[in-house]
Amino acid sequence: MFQGTIPGPMRAIVRETADRWPRGEVYVPCCGNFTIERSLAGMGFALHSSDVSIYTTAIGRWLTGQPVGIQLREESTDQLGWLADSLDDGVGTVAAMMLGTRFLASVGREGLWHQRVVRSYRDQWKAKHAETVERLSGSDVALASYEVEDVRSWLKKVPADAPVCSFPPFYGGGYEKLYEPLNEHFTWDAPQYEPLSDADVVDVLGVITDRPYWLTASNHDVPELQPFLRGVIKATPRAAPFYVYASEAPTRVVSPRQPIEPVTAPRLRGGEELGGPLSLALLKPGQFNALRSRYLNPRIAPGAANLAVAVKDGGGRILGVFAMAPSTFVPDEAYVLSDFAVAPTDYARLSKLIVLAATSSEAQRLCQRAFSRRIRTVATTAFSNNPVSMKYRGLLRLTKRGPSNEEGWKYQLQYRGAIGEHSLAEALEQWAKRWGARDTTTQTGV
């Protein structure tokens, strides 16, 4: 219901830590998405919160019985007049703000995807809004007070011995950018304040930690707080770690765990000859995880796949695996999350056969069935220390080359290509002619 990026295990740590605090007043500056307040609900604390964003203020004022005070801008009436009746200065306005975070960034933007997003919310608005209002009405979060005020001035009013729990923004402009679409289309009595500088962050942390009971967290390590590090949370393999600091608390480490299931099918091995015909076999998530952990480069962070498929030869041996997900931005495109060949084998370019299988008409049908949409193209991202990926060269088109955002790689390469223009039989034939030479003296993956 509440939008947020704080991992679930963080709530358990907050609750466990606060259970050691004396019952009474607890102050939560930069309360954001009320993760802390939800974690402390029902523990007997009187919660006092503050923030400066339009989204948080809508929720905070509603939770404390204040008029929300947010209206649709006159210049946005033509585009968003269809939701104006939902703004009731109470829970209806809060529900509109929550739904707005999901589609307002697409309002007025060109492109089929953005147009479909806005049309979908407009056509289903009454049902979505009513559902959100109903869910909000069942919230058990209770606040003693909420104020729209900058953290620097608000903390000066907090009693020196009162517990403070906060996840302040450690990067300048983060909240401003996040809620920019809401501010663009809605007007309210926004406070005047300056974004936190690096020096301001240090000062805020100093005020938070200069008391008997406190807890804070960041998505990067804070050297000044190293003596108070109480936990490190990495909820998923691709998630950024969260570092938890507190005056006193048990030490906790949360790391990702992926389910593994056995794969009984044989794999192509060194000394064995590959033969047709090729076939595709669906994999369970645990089976995909097992094969990915065995064969994929460990420096590549794994992701969750909507569709995982094993490529087999005529003898039923697994040659490799590809995994797909529907594209977020292009309606008729599938994103290749992962594709890799088994190893060691006698075929240096076996990975190209997996790419050809992933773009076959048989793979296209699997994608369309799994995603319930037409799929005409595929896209993928490759990380490499070379300016091109030899695996995709000649099979997909390089659309963008830039510096890598993943440690250990020099380039981040974007590729795109058609799907469904050849069969598995044609894929094997093409691969055998161009890249299928067998070398029994040097095995891949050794």
Side-chain angles (χ1 to χ4, degrees), residues 2-6 14 18 21 24-41 45-71 89-91 93-94 97-98 100-101 139 141-184 186-211 213-218 245:
F2 294 86
Q3 182 185 20
T5 57
I6 303 300
V14 169
W21 297 349
E25 315 277 318
V26 172
Y27 292 81
V28 188
C30 305
C31 59
N33 300 292
F34 297 92
T35 302
I36 295 170
E37 290 84 345
R38 285 179 283 154
S39 302
L40 301 182
F45 294 112
L47 303 174
H48 301 272
S49 306
S50 76
D51 209 300
V52 293
S53 77
I54 182 174
Y55 175 86
T56 305
T57 297
I59 301 172
R61 286 177 172 174
W62 168 66
L63 288 174
T64 52
Q66 305 176 57
V68 174
I70 297 174
Q71 296 85 33
D89 215 22
V91 65
T93 302
V94 176
M97 295 298 102
M98 289 185 168
T101 61
S139 172
V141 179
L143 300 184
S145 70
Y146 175 84
E147 294 185 64
V148 185
E149 188 171 347
D150 181 66
V151 60
R152 287 158 287 199
S153 60
W154 191 75
L155 278 174
K156 294 177 181 179
K157 302 186 296 186
V158 175
D161 59 347
V164 170
C165 189
S166 179
F167 304 151
F170 285 82
Y171 298 105
Y175 283 170
E176 287 77 9
K177 187 67 176 178
L178 179 63
Y179 299 124
E180 189 176 272
L182 289 175
N183 286 306
E184 180 182 351
F186 294 92
T187 180
W188 67 298
D189 53 331
Q192 298 297 317
Y193 68 95
E194 291 293 328
L196 294 176
S197 65
D198 290 342
D200 290 330
V201 170
V202 173
D203 292 340
V204 167
L205 288 175
V207 177
I208 291 176
T209 58
D210 187 21
R211 60 191 62 248
Y213 305 100
W214 58 270
L215 182 146
T216 188
S218 168
Y245 306 92

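Below, each value reflects all heavy atoms present in this structure, side chains not excepted, and no hydrogens, waters or symmetry copies.
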Calculate, to the nearest 0.5 Å, the distance between atoms [atom1] and [atom2] belonging to [X] and [Y] respectively.
{"X": "E37", "Y": "L143", "atom1": "CD", "atom2": "CG", "value": "6.0 Å"}
{"X": "N183", "Y": "I70", "atom1": "CG", "atom2": "CD1", "value": "9.0 Å"}
{"X": "C31", "Y": "E147", "atom1": "SG", "atom2": "CD", "value": "11.0 Å"}
{"X": "S139", "Y": "W62", "atom1": "OG", "atom2": "CH2", "value": "5.5 Å"}
{"X": "I208", "Y": "W214", "atom1": "CD1", "atom2": "CH2", "value": "9.0 Å"}
{"X": "Y245", "Y": "S218", "atom1": "OH", "atom2": "OG", "value": "6.0 Å"}

Residues which pass side chain to side chain contact (heavy atoms under 4.5 Å, CB included) with [X], listed by chain and number, not counting sequence neighbours:
{"X": "T187", "value": "Q71, R73"}
{"X": "V207", "value": "L155, R211"}
{"X": "S50", "value": "P29, W154"}
{"X": "A142", "value": "none"}

(message) Within the structure provided, determine whether L182 and M97 are in side-chain contact (heavy-atom separation under 4.5 Å).
(response) yes
(request) Please tell me if the side chains of P159 and Y27 come closer than 4.5 Å, counting only heavy atoms from C-beta onward. (result) yes
(message) Against V26, only a single residue in L47, I36, V164, L215 fulfils side-chain contact (heavy atoms from CB on, under 4.5 Å); can you say which?
(response) L47
(request) Sequence neighbours left out, what passes salt bridge (charged side-chain N to carboxylate O under 4.0 Å, His left out) with E149? Give chain and number order. (result) K157
Considering residues at least two apart in sequence or located in another chain, which fulfil the side chain to side chain donor-acceptor pair (under 3.5 Å) criterion with [X]?
{"X": "T56", "result": "S53"}
{"X": "W21", "result": "none"}
{"X": "Y146", "result": "T57"}

(message) Applying salt bridge (Lys or Arg N to Asp or Glu O under 4.0 Å) as the test, list every pair that has at least one member in residues 55-64; sequence neighbours left out.
(response) R61-D189
Which atom pair, heavy atoms only, marks the closest approach of [X] to [Y]?
{"X": "A18", "Y": "L40", "answer": "CB-CD2, 3.4 Å"}
{"X": "V14", "Y": "C165", "answer": "CG1-SG, 4.3 Å"}
{"X": "V52", "Y": "W188", "answer": "O-CH2, 3.4 Å"}

(message) Test your reading of the model: is there a side-chain donor-acceptor pair from D89 to the backbone of P67, 3.5 Å cut-off?
(response) no
(request) Please answer whether the main-chain N or O of R152 pairs with a side-chain N or O of D150 as donor and acceptor at a distance below 3.5 Å. (result) yes
